[in-house]
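Reviewing the structure listed below.
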Amino acid sequence: MQTRVCGWRWRRNPLRRRSDVVEAWTTLVVAVLLFVGAPLAGALAGWWAHDEARALAAAQRAERHRVRAEVFGGTPERLPSVQSGRDHSYRVAVRWMDATGTHTANARVPAGTKHGDTVDVWFDAEGRAVPPPPGETQVWEHTATIGICAAGGAATCVLLAQTVVRRVSTGHRTAEWEREWARTEPEWTRRRA
């Protein structure tokens, strides 16, 4: 004889308690939120982040301009050992020519750049050397990061809420068992005596 256990919390039976029903409904809601809600939250957050990042990149491209400049300042022979393994850059003097004449400035150039090399340097409207505006790759990296973090955060909140509901439900179930045992225990002890 095989006993069917699947769905016992949903069926009417004398052993089913209110806490069992609450736990069953909580499990269903958690499953829906984890498999539908969390990915949807991640997609919406990623979509919003993508629009914001593209707008920021477009604004930075509009206010910044790139020039081809020649390095004429001294470049370090060796980089500090603290920065090894990363993409290095350092400040050096650069110069370039445009329609208004020759200009000089201090700008960050990639590691390995030598005196006389030509590099791309970005400047803002005030003439300060700034990093280049983010490209499409950086926009998509930002989108993926925000989307994954939002989905993970939503899933974490759902699982924390489920943990709280389960603990409260277990506390209620334990209290019910204690009350029922307090009623039943005297009958059982009389039979044994």
Side-chain angles (χ1 to χ4, degrees), residues 26 29-167:
T26 302
V29 169
V30 164
V32 168
L33 289 176
L34 284 179
F35 293 113
V36 177
L40 185 61
L44 291 175
W47 188 11
W48 171 82
H50 183 74
D51 290 344
E52 291 292 317
R54 285 187 63 147
L56 177 67
Q60 286 183 356
R61 275 193 297 277
E63 72 180 23
R64 297 177 182 184
H65 62 282
R66 180 179 61 180
V67 296
R68 297 285 294 163
E70 176 188 354
V71 175
F72 75 93
T75 59
E77 291 297 321
R78 254 182 97 205
L79 293 173
S81 61
V82 175
Q83 294 183 355
S84 64
R86 292 191 316 193
D87 190 20
H88 308 295
S89 65
Y90 46 87
R91 286 198 168 278
V92 295
V94 296
R95 71 174 155 227
W96 71 97
M97 292 178 52
D98 62 9
T100 60
T102 301
H103 304 279
T104 61
N106 283 331
R108 288 206 168 271
V109 296
T113 304
K114 303 288 184 214
H115 182 77
D117 287 351
T118 304
V119 294
D120 288 331
V121 181
W122 288 83
F123 293 97
D124 63 8
E126 285 93 38
R128 294 180 304 226
V130 293
E136 199 62 28
T137 302
Q138 287 88 5
V139 168
W140 280 106
E141 286 173 355
H142 178 71
T143 300
T145 301
I146 296 297
I148 290 169
C149 288
T156 301
C157 289
V158 167
L159 292 174
L160 284 174
Q162 184 210 17
T163 301
V164 168
V165 169
R166 275 193 92 142
R167 287 196 182 197

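Just the heavy atoms: all of them, side chains too, but no hydrogens, waters or symmetry mates, feed the values below. Treat the numbers as computed from the prediction; the structure is a model and nothing was measured.
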Taking all non-hydrogen atoms of both residues into account, name the closest pair between [X] and [Y] and its distance.
X      : Y      : answer
Gly112 : Tyr90  : N-OH, 3.6 Å
Val121 : Ala69  : CG2-CB, 4.0 Å
Ala49  : His142 : O-CD2, 3.7 Å
Ala150 : Gly42  : CB-CA, 4.1 Å

| task | Kindly indicate, with the supporting measurements, whether the criterion side chain to side chain contact (heavy atoms under 4.5 Å, CB included) is fulfilled by Lys114 and Val71. | result | CA-CA 7 Å; Lys114 303 288 184 214; Val71 175; over 6 Å; no

Table please: side-chain donor-acceptor pairs of residues 56-66 below 3.5 Å, with sequence neighbours left out.
from: Arg61; atom 1: NH1; to: Pro134; atom 2: O; distance (Å): 3.4
from: Arg64; atom 1: NH1; to: Pro131; atom 2: O; distance (Å): 2.5
from: His65; atom 1: ND1; to: Phe123; atom 2: O; distance (Å): 3.4

| message | Counting neighbours of CZ on Arg54 that are heavy atoms of other residues, nucleotides or ligands and sit closer than 6.0 Å, is the number greater than 12? | response |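 No, CZ of Arg54 has 12 or fewer neighbouring heavy atoms, counting only those of other groups under 6.0 Å.
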
| query | Is it true that atom CZ of Phe72 has more than 12 heavy atoms of other residues, nucleotides or ligands lying nearer than 6.0 Å? | reply |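 Count over threshold, so yes.
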
| query | Between Asp98 and His103, does a side chain to side chain contact (heavy atoms under 4.5 Å, CB included) hold up when you go through it step by step? | reply | CA-CA 8 Å; Asp98 62 9; His103 304 279; 2.9 Å; yes

| message | Applying side chain to side chain contact (heavy atoms under 4.5 Å, CB included) to Thr102 and Trp96, what does each step give before you reach the verdict? | response | CA-CA 6 Å; Thr102 301; Trp96 71 97; over 6 Å; no

| How many angstroms lie between atom CH2 of Trp48 and atom OG1 of Thr143, to the nearest 0.5 angstrom? |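 Output value for this atom pair is 10.5 Å.
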
| query | So how far is it from Asp117 CG to Glu70 CD, rounded to the nearest 0.5 Å? | reply |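 It comes to 9.0 Å.
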
| request: Evaluate side chain to side chain contact (heavy atoms under 4.5 Å, CB included) for Val109 paired with Val94, printing each intermediate quantity in order. | output: CA-CA 9 Å; Val109 296; Val94 296; 4.3 Å; yes

| message | Are the side chains of Leu34 and Leu159 in contact, using a 4.5 Å heavy-atom criterion? | response |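 Leu159 reaches Leu34 side chain to side chain.
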
